[in-house]
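Numbers for residues simply follow the sequence, beginning at 1. Both counts, for ligands and for their atoms, begin at 1 and track the order of listing. Keep in mind that this is a model prediction, so the values were computed, not measured.
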Amino acid sequence: MSKIFVDACLGKETPYTPVWMMRQAGRYLPEYMRVREEAGSFLELCHDPKKAAEVTLQPVDIIGVDAAILFSDILVVPDEMGMDLSFVKGEGPKFSDPIRTQEDLDRLVKGKEVADRLTYVYDTIKIVREELRDDIALIGFCGAPWTLATYMIEGQGTKTYNICKKMMYSNPELLHNILHEVTQVVKYYMEQQIVSGVDVVQIFDSWAAAIEPSKYDEFSWRYMVEIADYLKSKYPDTPIIMFPKGISAFVERGWVYGNFDVFGVDWGTPMALAKEKLGDRYVLQGNMEPCRLYSKEATTECVESLAETMRDGRHIFNLGHGILPDVPVENAIHFVNECKRASKRS
Ligand code: CP3
């Protein structure tokens, strides 16, 4: 059975514009909180394929999206490279042993061996694929090498990125070595996600905007393109979504090159501008400001405006970044219903 989400990613005409939400599996759903409690910690949930599959499937039934996103986290990759990951309540992710020198990098596990350790992710995918309706797509994902490297180098989330940037300007060779190793792991990891059954993959460069424009290609984009080239050479029919958050300056220049299908537009970039500069080359995804979900009226207003801008198609509805934990579930359902209503083609 054809999946409207996959068709839309490949630029084919669909009966309406499909919709999913970044972070759609998560803390705004009481059903998720129940499973998370049973699992113990967030990481234990990621490591438990049955439970991870259950929370992957929840938003499909509860809010009616056209694609499920695999439940996991981008940071399981550095964790399996041998870094010690923990999630500290109220503070987010932490690595106790950040990478600051070549010797630190040398001691990590590399390449295919890391991808082979992530069996719990592939097992989750296989369970989801068995239980998911045939017409609903499953999205696999990874972090961009740059976004992963920010956590590996800083040891935690950061507002200033000063340790990474000190490395960028004073020891770029080491930063490139780190980015190169992460890229090799992610290539094999995404390949195994595809082999295990995901229909589409998304690469999240959540911290793209931390890099000044003249350095973005060198330190982030080219590594994402290397991953996309590798996957496209082996799996040309699997759509790839790139999501570089906060690079409207590049969009303005129409600069963005690469062998991928869908460009994820963040909420700070006007969709009309993205359409003008990139719409011929890529299907565009996005881009409602996630906080509009607090108001049904604000949601409808944005969905109608997006549907009007993208009335010729080549679009996937989404938020311009992740949903927040205190959004009422009925407002998330309202968003999905409004997207389908506003884009229905008779
Ligand atoms: O529904 C989905 O989108 C699938 C699951 C998913 C999670 N993380 C679950 C999660 C996905 C795609 C991610 C990706 C991820 N993880 C990114 C890139 C996407 C983005 O939003 O920019 C990043 C930067 C991370 C790293 C990460 N993981 C952070 C910064 C945090 C803490 C966030 C916070 O608000 O505390 C996490 C934890 C995390 N990952 C949660 C979830 C549901 C919350 C954990 C919990 O249940 O307490």
*Do Ile4 and Met21 share a hydrophobic cluster (ILVMFWY, side-chain heavy atoms under 4.5 Å, transitive)?*
no

*To which protein heavy atom is atom 38 (C) of ligand 1 closest, and what is the distance rounded to 0.1 Å?*
Phe87 CE2, 3.4 Å

*At a 4.0 Å threshold, what atoms of ligand 1 neighbour a non-hydrogen atom of Phe204?*
12 (C), 18 (C), 19 (C)

*Which residue, Thr238, Asp261, Asp237, forms the side-chain hydrogen bond (donor to acceptor under 3.5 Å, both in side chains) with Lys232?*
Asp261

*Whether Leu45 lies under 4.0 Å from ligand 1, heavy atom*: no

*Which pair of heavy atoms, one from Thr147 and one from Trp207, lies closest together, and at what distance?*
OG1-N, 3.1 Å

*Heavy atoms only: give me the nearest Ile69-Thr56 pair and the separation to one decimal.*
O-CG2, 3.3 Å

*List the closest protein heavy-atom neighbour of atom 28 (N) of ligand 1: residue, atom name, distance to the nearest 0.1 Å.*
Asp73 OD1, 2.7 Å

*For ligand 1, does His321 get within less than 4.0 Å through its side chain, its backbone, both, or neither, judged by non-hydrogen atoms?*
side chain

_Among Phe141, Phe42, Tyr151, closest by any non-hydrogen atom to atom 24 (C) of ligand 1_ = Tyr151

*Using a 4.5 Å cut-off on heavy atoms from C-beta on, say whether the side chain of Tyr189 contacts that of Val114.*
no

*Please report the shortest heavy-atom distance between Lys277 and Val251, naming the atom on each side.*
CG-O, 3.1 Å

*Are any of the N/O atoms in Ala25 less than 3.5 Å from those in ligand 1?*
yes

*Can you list the ligand 1 atoms lying under 4.0 Å from a non-hydrogen atom of Tyr32?*
43 (C), 46 (C), 47 (O)

_At less than 4.0 angstrom from any non-hydrogen atom of Ile74, what atoms of ligand 1 do you find?_
14 (C), 15 (C), 16 (N), 17 (C), 23 (C), 24 (C), 25 (C)

*Counting each atom of ligand 1 from 1 as listed, which ones have a heavy atom of Pro93 under 4.0 Å away?*
29 (C), 30 (C), 31 (C), 32 (C)

*asked:* On a heavy-atom basis, I'd like to know which of Ser41, Ser72, Gly26 is closest to atom 9 (C) of ligand 1.
replied: Ser72

*For Thr160 and Lys165, work out which heavy atoms get closest and say how close.*
O-CE, 4.0 Å

*Report yes if some N/O of Thr147 lies less than 3.5 Å from some N/O of ligand 1; otherwise report no.*
no

*Would you call Arg311 and Glu308 a salt bridge, using N to O less than 4.0 angstrom?*
yes

*Using the side chain to side chain donor-acceptor pair (under 3.5 Å) rule, take Asn177 and Glu181 through it: C-alpha gap first, then chi angles, then the decisive distance, then the call.*
CA-CA 6 Å; Asn177 290 347; Glu181 294 302 348; over 6 Å; no

*Can you find an N or O of Arg23 that's nearer than 3.5 Å to an N or O of ligand 1?*
yes

*Could a heavy atom of Gly322 be found less than 4.0 Å from some atom of ligand 1?*
no

*Which is closest to atom 47 (O) of ligand 1 by heavy-atom distance: Gln202, Arg36, Arg27?*
Arg36

